[in-house]
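These numbers come from a predicted model, not from an experiment.
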Amino acid sequence: MDNKDLLSLLPEQDFKRADKSIDARARRAGIRLIDESDPIWERMNELQQGGARRTQDALLQGYEERRLAPLHYRGRVLDFGCGVGGSTYFLARNGGEVTAMDYPGSIDELKKLGLPNVTIIEGDGLKAMEQTEDNTYYMVAAFMLGPDDKGGLIDGFYTQANRIIKPDGRILITSDGNTFQLLANKYRGNYANNLFQSNIFIGGKNPEIG
């Protein structure tokens, strides 16, 4: 399949008229929702569970805005700055082969979960990205990236993310308002609707870096 035709496979649906229940939304998106009876979920703390819920919401929104396809979150995914690992849990739950990056200490709670299909890299995530081969991931995600008042973190992250995602890959970022203002000013991309209300940015490869 030609990657450029990937999003054309998404069904043309009127989401305003379709069943709006979360179960129906998830079925359309091919997303496996959080199951609170999952033994791993029951062992997660509140921060981890909150991160998983935010990730679930972001993927549903990205699909419904036709900016994400199931291949993006079911394929090989990088979870940059994964922290306690709520986002990692949800990505792994949906079949992604997930690489989770963060500093020692931050990542300790994630390690305790023993998630399948997850590779953990401890240390400087930007340096780890620099050592990653081109076109490695279907999606590079950074949940709660920042805060970044001057844009240095954004520049480093976005430059490397563009290099290591596949040709029709996606960059998914959630963050604070100030960081999003920098994103909007620095990079023209495939933004999610209501950028500053939802604090979600979804972009593809952008040749104009810097």
Exercise. So, do L78 and M101 sit near enough that their side-chain heavy atoms are less than 4.5 Å apart?
Worked result: yes
For this session: Verify the neighbour count for atom CD of E42: are there more than 12 heavy atoms of other residues, nucleotides or ligands below 6.0 Å?
Result: yes
Exercise. Please walk me through it: do M44 and L113 pass side-chain contact (heavy atoms from CB on, under 4.5 Å)?
Worked result: CA-CA 8 Å; M44 291 167 66; L113 297 180; 3.7 Å; yes
Seminar exercise, completed: Heavy atoms of A100 and C82 approach each other most closely as CB-SG, 3.6 Å
Problem set entry | Where W41 and A52 come nearest, the two heavy atoms and their spacing | CZ3-CB, 3.7 Å
For this session: Look only at the side chain of S106 and the backbone of D102, and say whether a donor-acceptor pair between them is shorter than 3.5 Å.
Result: no
Exercise. Do the side chain of Y138 and the main chain of P70 share a donor and acceptor less than 3.5 angstrom apart?
Worked result: no
Exercise. Of the non-hydrogen atoms in F143 and A58, which two are nearest, and what is the gap between them?
Worked result: CE2-CB, 4.2 Å
Please set out all donor-acceptor pairs under 3.5 angstrom arising from side-chain atoms of residues 90-98, sequence neighbours excluded.
residue : atom : partner : partner atom : Å
R93     : NE   : L33     : O            : 2.7
R93     : NH2  : L33     : O            : 2.8
N94     : OD1  : R32     : N            : 2.5
N94     : ND2  : R32     : O            : 3.2
N94     : ND2  : F90     : O            : 3.1

Problem set entry | Intermediate values then yes/no, side-chain contact (heavy atoms from CB on, under 4.5 Å), L172 and V140 | CA-CA 6 Å; L172 170 61; V140 175; over 6 Å; no
Seminar exercise, completed: Heavy-atom closest pair (I107 atom, I121 atom, distance to 0.1 Å) is CD1-O, 4.0 Å
Exercise. Does the side chain of Y89 come under 3.5 Å of the side chain of D79 through a donor N or O and an acceptor N or O?
Worked result: no
Exercise. Any donor-acceptor pair under 3.5 Å linking the side chain of H72 with the backbone of V77?
Worked result: no
Exercise. Less than 4.5 Å apart, any side-chain heavy atom of T55 and any of T174?
Worked result: no
Problem set entry | Residue pair K166 / N135: nearest heavy atoms and the distance that separates them | NZ-O, 3.3 Å
Exercise. For S37 and D35, does a side-chain donor sit closer than 3.5 Å to a side-chain acceptor?
Worked result: yes
Exercise. Could you state the interatomic distance from CD1 (I171) to CE (M139), rounded to the nearest 0.5 Å?
Worked result: 11.0 Å
For this session: Report the distance from atom CD of Q160 to atom CZ of R163, rounding to the nearest 0.5 Å.
Result: 4.5 Å
For this session: Measure from the side-chain N and O atoms of T136 to the backbone N and O of T132, and report whether any donor-acceptor pair falls under 3.5 Å.
Result: no
Problem set entry | N/O donor-acceptor pair under 3.5 Å between Q49 side chain and E46 backbone | no
For this session: Could you pull out the closest heavy-atom pair between L110 and G85, with the gap in Å?
Result: CD1-CA, 3.9 Å
Exercise. Are side-chain N/O atoms of Q56 and R53 paired as donor and acceptor at under 3.5 Å?
Worked result: no
For this session: Give a yes or no on whether the backbone of R67 and the side-chain of R170 come within a donor-acceptor separation of less than 3.5 Å.
Result: yes
For this session: Give the cluster check for Y73 versus I22: same hydrophobic cluster or not, with ILVMFWY residues linked at side-chain heavy-atom distances below 4.5 Å.
Result: yes
Problem set entry | Pairs satisfying salt bridge (Lys or Arg N to Asp or Glu O under 4.0 Å), at least one member in residues 108-122, at least two apart | E109-K112, K111-E122
Exercise. Taking atom CG of L115 and atom CD1 of I120, what is their separation to the nearest 0.5 Å?
Worked result: 7.5 Å
Problem set entry | Sequence-distant partners of Y137, ring-ring contact (aromatic ring centres under 6.0 Å, His included), two or more places apart | none
